[in-house]
Amino acid sequence: MSFPLLTATAALPAVGAIVTAAVPAARRTAAKWLALLFSLATLVLAALVVVRFEPGGARYQLTESHAWIADFGVRYELGVDGIGVALLALTALLIPFVILAGWHDADPLEEVNPNRRWRPTQGFFALILMVEAMVILSFEATDVFLFYILFEAMLIPMYFLIGGFGDRAHSGGDEAAATQRSYAAVKFLLYNLVGGLIMLAAVIGLYVVAGSFSLSEIAEARANGSLSIATDTERWLFLGFFFAFAVKAPLWPLHTWLPNAMGEATAPVAVLITAVVDKVGTFAMLRFCLQLFPEASTWATPAILVLALISIVYGALLAVGQRDMKRLIAYASISHFGFIIMGIFAMTSQGQSGATLYMVNHGISTAALMLVAGFLITRRGSRLIADYGGVQKVAPVLAGTFLIGGLATLSLPGLSPFVSEFLVLVGTFSRYPVIGIIATIGIVLAALYVLVLYQRTMTGPVKPEVRTMPDLRVRELVVVTPLIALLLFLGVYPKPLTEIVNPAVEHTLSDVQQTDPKPEVEAAP
C-alpha cells in the first residue's frame, strides 16, 4: 500500500491540535512554537501533494478508499483534482501566517494560574490547527457523506474562535464587547447550521435515488446509463446542496453573518473565515453541484448569476460606506465572492478557471490586507477609520504594505487578483454580456473604497494618537513579505496555477455538457 499522503496532510494538523492543547498552562510560548511547527510540517506535505499531482493525469489522483459505515454505503474516500490541489495548497500556506500574526492575540490579560485547566493560548492555536485539518480534508473528500460531516464539523472550532477569542480593539466596554462577540458567533453558527441541515436532507435524498455517496460511483452510473434522476428530483437536490454552499460562500442574501463574524473576530481568525473556510462553499459548488446535478445547475444558472451580480454591487456599495475597517474588508469579500460564483456559473473555461484562481488569489490578497489592518488596529486600539490619519509618515513600511494589499484587493494589473478577475469577466461576457458589463461596476467601486480607506488612514495630518505608532516588527514582516511576493509573482506569472487548474475545469464543463461559445466573426464582404 502506498503512503496515504492525503490522509497524512489532514491528520498532521489534527495531531498538532491535540498536542498543542495538552501543553501545560504556564508553557504558552512552547504551545505557540508547537502549533507553528505542525503548520509548517503540514505545508511540506501539501507541497508534496502539489509535486506528485500530474495535471494531465487522471481526474482524481492520490486516491484512498476504505470502508467506513458499510451498512449505509459510506466510505472514507479521498482524491484531489487540480481545483482541490490549489485550495489545499492555499490553506496549508496561509495557516503558518495566521499563527504568526496571532502570536499574542490569545495571551491572557493577567497571569494564568499554572494549575488551571483552561489554557486560552493553547486553545486558540489548537482550534486553528483543527480548522486547518477539517478544511484540508474537505478539499480531499470524494464521498458526499464524508464531506458533509467535515462541512458541519468545522463550524464548532470556528464558533469558539469567534466567540471566545474576539478582537480586543473594541470601542465598547468588556461586557458590551463580549455580548457582540457572542452574537456574531451564534449568528455564524445558526446560519451555517440551517444551511447544513437542508444539505443533510439533500444528501439523504441523493443516497435514496443513487444508492451511493461516492462521486466516482455516481459518475460511472450516470455514464453507463444505469442511473437516471428525474428532472424535478435533481433540481430539488441541487437546491439543497446549493443553499448550504451559498451560506458558506457567502452569497447575497445569505451573507449577513460574515460582517459580524469578521468584525468581532481577531484579524487572523477573520482571515481564517474568509480566506480559508468560506472557500469550501465555492469549491463545493464546482465539485458537487455541477458534477452531481448537471441539468439542475444549467437550469439554475440565470438566477444564480443575478444573485452573484447583486453580491458584487451590493457588497462593494456597502464597503464604500463603512466606518469600521474590518467590516469594510468583509463587505469587499462579499463582492469578491460574487465574482467567484459568477465565474463558476458562467459555464465557460475562462470563467471557471478565473473563479478557481480568484479563490486562491483572494485568499492571499485578503490575508495580506486584513493582517496588516490587524497590526494597525492592535497599535491604535480602534477599528474605526476616523481614528487614523497620517500613518504613512510615522510607519511607512506598514503603510506601504497596507497599500499593496489594498491595490491587490481592487485587482490592480500586475498583481495576481487582476488575472482572476479578468478571466471571470471575459468568461462571463462571452456567454452573458449584459451580466459581464454590469459586473464591471464592482471594479470601479473597489477602487473607490480601497483608495478612500488608504487616504483616510494613511495620508493627511498625523493624528496625536498615532504619532508614536511603531512600524512593522520583524515577526510582522515575516508574515506580510511572502504574501506580497506571491501577489507579485502570480500577477506576472500565473502559469503554475493555470496548468494545475485548467484540466479540472475541462472535466467540470464536460459534466454539465457545456463548451465555450464560439466567437461571432462577421464574414468578409
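The first residue in the sequence is number 1, and the count goes up from there.
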Please table the atom pairs, donor to acceptor, closer than 3.5 Å between any side-chain atom in residues 390-404 and protein atoms at least two apart or in another chain.
| from | atom 1 | to | atom 2 | distance (Å) |
| --- | --- | --- | --- | --- |
| Gln392 | OE1 | Tyr454 | OH | 2.9 |
| Lys393 | NZ | Gly460 | O | 3.4 |
| Thr401 | OG1 | Val397 | O | 3.1 |
| Thr401 | OG1 | Leu398 | O | 2.9 |

Seminar exercise, completed: With sequence neighbours left out, the residues meeting salt bridge (charged side-chain N to carboxylate O under 4.0 Å, His left out) with Arg323 are none
Problem set entry | Pairwise salt bridge (Lys or Arg N to Asp or Glu O under 4.0 Å) hits with a residue in residues 475-488, at least two apart | Arg379-Glu476, Arg473-Glu476
Exercise. Is there a donor-acceptor pair under 3.5 Å between the side chain of Thr20 and the backbone N or O of Ala17?
Worked result: no
Exercise. Are the side chain of Lys326 and the backbone N or O of Ala270 linked by a donor-acceptor pair below 3.5 Å?
Worked result: no
Exercise. Roughly how far apart are Asn502 CG and Ser353 OG, rounded to 0.5 Å?
Worked result: 4.0 Å
For this session: Report yes if some heavy atom in the side chain of Pro259 is under 4.5 Å from a heavy atom in the side chain of Ile334; otherwise report no.
Result: yes
Problem set entry | Student check: side-chain heavy atoms of Leu78 and Leu137 closer than 4.5 Å | yes
Exercise. Tell me, which pairs form a side-chain hydrogen bond (donor to acceptor under 3.5 Å, both in side chains) where one or both residues lie in residues 270-286, sequence neighbours left out?
Worked result: Thr274-Ser333, Lys279-His362
Exercise. Out of curiosity, Leu90 CG to Phe139 CZ, how far, rounded to the nearest 0.5 Å?
Worked result: 7.5 Å
For this session: Step through the shown structure and confirm whether more than 12 heavy atoms of other residues, nucleotides or ligands are within 6.0 Å of CZ on Arg27.
Result: no
Problem set entry | Thr428 and Gln350: CA distance, side-chain angles, deciding distance, side-chain contact (heavy atoms from CB on, under 4.5 Å) verdict | CA-CA 8 Å; Thr428 304; Gln350 299 99 326; over 6 Å; no
For this session: Using the test side-chain hydrogen bond (donor to acceptor under 3.5 Å, both in side chains), find all partners of Thr356 that sit at least two apart in sequence or belong to another chain.
Result: none
Exercise. Measuring from Leu272:CG to Met158:CE, what's the distance to the nearest 0.5 Å?
Worked result: 4.5 Å
Exercise. So, the side chain of Gln352 versus the backbone of Ile344: is there a donor-acceptor pair under 3.5 Å, distance only?
Worked result: yes
For this session: Work out which heavy atom in Ala101 is nearest to a heavy atom in Pro268; give both atom names and the distance.
Result: C-CG, 3.8 Å
Exercise. Taking C-beta and beyond as the side chain, do Phe345 and Leu286 meet within less than 4.5 Å on heavy atoms?
Worked result: no
Exercise. At their closest point, which heavy atom of Ile385 faces which heavy atom of Met325, and how far apart are they?
Worked result: CG1-N, 4.0 Å
Problem set entry | Whether over 12 other heavy atoms sit under 6.0 Å from Trp103 CH2 | yes
Exercise. Tell me, do Phe339 and Leu425 make a side-chain contact under 4.5 Å, heavy atoms counted?
Worked result: yes
Problem set entry | Residues which pass side-chain contact (heavy atoms from CB on, under 4.5 Å) with Leu5, listed by chain and number, not counting sequence neighbours | Phe3, Thr9, Leu45, Leu48, Val49, Arg52, Leu62
For this session: Check whether any side-chain heavy atom of Leu445 lies under 4.5 Å from a side-chain heavy atom of Ile312, and answer yes or no.
Result: no
Exercise. Which residues satisfy the salt bridge (charged side-chain N to carboxylate O under 4.0 Å, His left out) test with Glu499, sequence neighbours excluded?
Worked result: Lys495
Exercise. Under the side-chain contact (heavy atoms from CB on, under 4.5 Å) criterion, do Leu410 and Tyr449 qualify, and how do the steps go?
Worked result: CA-CA 9 Å; Leu410 62 81; Tyr449 63 69; over 6 Å; no
For this session: Verify, without hydrogens or angle tests, whether Gln122 (side chain) and Pro24 (backbone) share a donor-acceptor contact under 3.5 angstrom.
Result: yes
For this session: Measure up the Phe283 and Phe288 rings against each other and bin them: parallel (under 30°), tilted (30 to 60°), perpendicular (over 60°).
Result: perpendicular
Exercise. For residues Ser382 and Tyr388, is any side-chain donor paired with an opposing acceptor at under 3.5 Å?
Worked result: no
For this session: Let me see the working for Met199 and Glu152 under side-chain contact (heavy atoms from CB on, under 4.5 Å), right down to the final yes or no.
Result: CA-CA 10 Å; Met199 180 184 169; Glu152 290 290 87; over 6 Å; no
Exercise. For Ser416, does its backbone N or O pair with a side-chain atom of Asn361 as donor and acceptor, under 3.5 Å?
Worked result: yes
For this session: With sequence neighbours left out, write down each residue that passes salt bridge (charged side-chain N to carboxylate O under 4.0 Å, His left out) with Asp324, or none if nothing qualifies.
Result: Arg383
For this session: Taking side-chain contact (heavy atoms from CB on, under 4.5 Å) as the test, write out the residues that go with Tyr159, two or more places apart.
Result: Ala185, Val186, Leu189
Seminar exercise, completed: residues 405-414 vs side-chain hydrogen bond (donor to acceptor under 3.5 Å, both in side chains), sequence neighbours excluded, gives Ser411-Glu421
Exercise. Between CD1 of Ile128 and CD of Glu132, what distance do you get to the nearest 0.5 Å?
Worked result: 10.0 Å
N/O donor-acceptor pairs under 3.5 Å from side chains in residues 482-491, not counting sequence neighbours:
none

For this session: Quick one: closest heavy-atom pair of Asn260 and Tyr183, and the distance?
Result: ND2-CE2, 3.7 Å
Exercise. Does Gln322 use its side chain to pair, donor to acceptor, with the backbone of Leu318 at less than 3.5 Å?
Worked result: yes
For this session: Enter the distance from Leu161:CG to Leu127:CG here, rounded to the nearest 0.5 Å.
Result: 4.5 Å
Seminar exercise, completed: On a heavy-atom basis, the closest approach of Leu129 and Phe38 is CD1-CB, 4.4 Å
Exercise. Under 6.0 Å from the CZ atom of Phe243, do we count more than 12 heavy atoms belonging to anything else shown?
Worked result: yes
For this session: Report the residues that fulfil side-chain hydrogen bond (donor to acceptor under 3.5 Å, both in side chains) with Thr457, sequence neighbours left out, ordered by chain and then residue number.
Result: none
Exercise. Considering all heavy atoms of both residues, which atom of Ile162 and which atom of Ala265 are nearest to each other, and what is their separation?
Worked result: CG1-CB, 4.5 Å
Exercise. Is Leu415 close to Ser365 at the side-chain level, that is, under 4.5 Å between some pair of heavy atoms?
Worked result: no
Exercise. Picking from Phe337, Tyr314, Tyr191, what satisfies ring pair (Phe, Tyr, Trp, His ring centres under 6.0 Å) with His255?
Worked result: Tyr314
Exercise. At what distance, to the nearest 0.5 angstrom, does OG1 of Thr42 lie from CG of Leu12?
Worked result: 4.0 Å
Problem set entry | Check: Phe124 and Val269 side chains under 4.5 Å, non-hydrogen atoms | yes
Problem set entry | Which atom of Trp257 lies closest to which atom of Val247, heavy atoms considered | NE1-O, 3.0 Å
